[in-house]
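The structure appears below as structure tokens.
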2 protein chains.
Amino acid sequence: MKDRMTPAVRMTGHTQRGQCAKRMSILDAAADVFCRQGFAGASIDEIAAVACVSRQTIYNHYREKETLFVAVVEDVMNRANAMLFSVLSTFPANADNLEDELTAFAVRLNKNCICNHDGKFLRKLVQTEGERYPHLFESWRQQGPGKLTTALSALFARLAHKGTLVIGDFDVAARQFVALGNADLQMMILLGGTPTDEELEKAARNAVHTFLKAYGRPDAEKAGHPRQLAAISG
Amino acid sequence: MKDRMTPAVRMTGHTQRGQCAKRMSILDAAADVFCRQGFAGASIDEIAAVACVSRQTIYNHYREKETLFVAVVEDVMNRANAMLFSVLSTFPANADNLEDELTAFAVRLNKNCICNHDGKFLRKLVQTEGERYPHLFESWRQQGPGKLTTALSALFARLAHKGTLVIGDFDVAARQFVALGNADLQMMILLGGTPTDEELEKAARNAVHTFLKAYGRPDAEKAGHPRQLAAISG
DNA sequence: GTAAAGTTAGACGCCATTGTCTAAAACGTC
DNA sequence: GACGTTTTAGACAATGGCGTCTAACTTTAC
């Protein structure tokens, strides 16, 4: 039997690139179909059609449906983790104009990590297939939301140490920051919709406004800032 | 062809009760299996086995798989809406000891509407099959989370009118109250777990504490209340 | 150009599931 | 006990998806 899983090491240039393109095309198509139909509802034929690839090619690259599913989840997880890390590195370091900077950060977080393709995929699939593949999504839980809370907690601790914020429990504050950021988007997140930039901005501003009322220095009242914005329709 | 869908009107006493019991047994079993496996993954045979009923009986009561699914969703939705209404009616009316009363309310809300069987079922199924049955879950969206936000908004408005709270946008505050209440439970909610009473209490207390710091009257500082509680492990 | 590898379309067996049908059994009423 | 209804178990055809196989085709390396 030929070793179909690791032929790339023996290939040169163009073939590898061609194979690689096929693999990515399959992964993207499979993510799309798995996300829409779930594992049981997704058919290899549909994935092949979406990927513009023959069914046999899928079986050549990924031995069976379950292997493909695991590969898709890991691929999306890696992208999502990289994006999360990247966004976390933009957390406002100094406290000038904290409200605006925190708002912009919340927009980035929601837009690139929560409401994007990969975020939707992972949230949906964790709910749908989480019990069937506990080990698979356990790592997501730790590297995704777990890392997010831990990192945010540390960042808020730094701001509290500087005296910019007054926080009792940093972990609680981190979770509440994320929760507040999603408060206005919950329905859209649940239904799988994608918020507009304007909605993202409103949601973030409402969240940060309330967050700072709860955790900002009592004496640091800002003047002239816009009042809380109207609710998002729907 | 016999009219199998409405035989109950012609039946008397015991037979009707027997049929009714079968129907409920089927609905419960189907809810369980649909929730675990999704629509595509659920098999009628498994539902029949869980319900301790023959497969044919299911087809007698509900013409086909999809009819059964719709009936299950409507059944769960009705129960969930009734429970939500019931919990909303316990919203603290007077402002004595507002923090404790709001906390107890948040516990009731999370325990009986969000983290219970029906809540889990609806959240999961809305994500899994929402796109396939938009009309079905549209009504849930309006009667469930929609009603919750609207009702809470009005209740907070009353407290604000009395001067107990200081709120700019009542709808935003309502959504943030719910979001804060779920902040510490997000992971458990996503994974389908059930929090303990202690965890529910902690989560609610953290949420209300922050909520009141943001929306409580600035002069109404409470004395001797416990500080924010430690994070929930996990 | 040739050879090796990857890709494709299609046919195929296999299995699970849906939904129907039938005859027998259980249940409740009279 | 007789009767009508419901329930049951099992057989049944039809469907559709998975995974394999083959023979032809395309791409790439040399």
Side-chain angles (χ1 to χ4, degrees), chain A residues 1-27 29-30 33-34 36-72 129 132, chain B residues 1-27 29-30 33-34 36-72 129 132:
Chain A
M1 183 193 289
K2 294 185 219 162
D3 181 4
R4 283 164 165 146
M5 297 311 290
T6 55
V9 295
R10 310 176 63 181
M11 297 290 99
T12 50
H14 282 154
T15 301
Q16 183 174 5
R17 210 177 299 151
Q19 277 200 45
C20 195
K22 294 272 180 207
R23 286 182 84 94
M24 291 196 309
S25 170
I26 293 172
L27 283 180
V33 177
F34 277 136
R36 274 190 289 109
Q37 319 266 22
F39 180 80
S43 89
I44 300 283
D45 284 316
E46 186 176 354
I47 295 173
V50 173
C52 296
V53 146
S54 105
R55 184 173 67 254
Q56 185 58 40
T57 302
I58 295 181
Y59 283 106
N60 286 347
H61 285 278
Y62 309 93
R63 196 163 32 79
E64 58 188 1
K65 195 181 180 183
E66 186 157 330
T67 315
L68 172 61
F69 179 72
V70 172
V72 169
E129 320 289 346
R132 206 181 303 280
Chain B
M1 182 194 287
K2 294 186 220 162
D3 182 4
R4 284 165 163 147
M5 297 311 289
T6 55
V9 293
R10 310 177 62 181
M11 298 290 101
T12 50
H14 283 153
T15 303
Q16 182 174 7
R17 210 177 299 150
Q19 276 200 47
C20 196
K22 294 271 180 207
R23 286 182 85 96
M24 292 196 309
S25 169
I26 292 170
L27 284 179
V33 177
F34 277 135
R36 275 190 289 109
Q37 320 267 24
F39 180 80
S43 90
I44 300 283
D45 284 317
E46 186 177 354
I47 294 173
V50 173
C52 296
V53 146
S54 104
R55 183 173 68 253
Q56 185 60 37
T57 301
I58 295 182
Y59 282 106
N60 286 348
H61 285 279
Y62 308 93
R63 198 163 30 80
E64 57 188 2
K65 194 181 179 182
E66 187 157 330
T67 314
L68 173 62
F69 179 72
V70 172
V72 169
E129 320 289 345
R132 205 182 305 280

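Letters go in sequence order (proteins before strands), and every chain restarts at 1. Quick note: numbers below take in every heavy atom, side chains included, and nothing from hydrogens, waters or symmetry partners.
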Handout entry: Nearest-Å distance for atom pair CD1/C1', residues A:Ile58 and D:dG17
Key = 13 Å
Exercise for the section: Estimate the overall bend of the helix from C:dG1-D:dC30 to C:dC30-D:dG1 from the end axes over five pairs each, rounded to 10 degrees. Expected result: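 Overall, the helix from C:dG1-D:dC30 to C:dC30-D:dG1 bends by 30° from one end axis to the other.
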Handout entry: salt bridge (charged side-chain N to carboxylate O under 4.0 Å, His left out) partners for A:Arg36, two or more places apart
Key = A:Asp32, A:Glu46
Under 4.0 angstrom between [X] side-chain N/O and [N] OP1 or OP2:
X: B:Thr57; N: D:dT8; value: yes
X: A:His61; N: C:dG6; value: no
X: B:Lys22; N: D:dT8; value: yes

Handout entry: Residue of the set B:Leu68, B:Val50, B:Val72 for which side-chain contact (heavy atoms from CB on, under 4.5 Å) holds with B:Ile26
Key = B:Leu68
Exercise for the section: Applying side-chain contact (heavy atoms from CB on, under 4.5 Å) between A:Tyr59 and each of A:Arg63, A:His61, A:Gln56, report the one that passes. Expected result: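 Only match with A:Tyr59 under side-chain contact (heavy atoms from CB on, under 4.5 Å): A:Gln56.
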Exercise for the section: State the OG-CD1 distance between A:Ser25 and A:Ile58, to the nearest 0.5 angstrom. Expected result: 8.5 Å
Handout entry: OG1-NZ distance between B:Thr67 and B:Lys65, expressed to the nearest 0.5 angstrom
Key = 12.0 Å
Fill in the blank from the handout: Heavy-atom closest pair (A:Ser54 atom, A:Ala48 atom, distance to 0.1 Å) is C-CB, 4.1 Å
Exercise for the section: Evaluate the side-chain contact (heavy atoms from CB on, under 4.5 Å) criterion for residues A:Leu27 and A:Tyr62: first the C-alpha distance (whole Å), next the side-chain angles of each, then the deciding distance (0.1 Å), finally the verdict. Expected result: CA-CA 10 Å; A:Leu27 283 180; A:Tyr62 309 93; 3.5 Å; yes
Practice task
Can you label the angle between the B:Phe39 ring and the B:Phe34 ring as parallel, tilted or perpendicular, going by 30° and 60°?
Solution key: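 Taking B:Phe34 first and then B:Phe39, their aromatic rings lie parallel (interplane angle under 30°).
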Practice task
Sugar-phosphate means primed atoms, P, OP1 and OP2; the rest is base. With that split, encode nucleotides 11-21 of chain C 5' to 3' as B, S or - using protein heavy atoms under 4.0 Å.
Solution key: B------BBBB
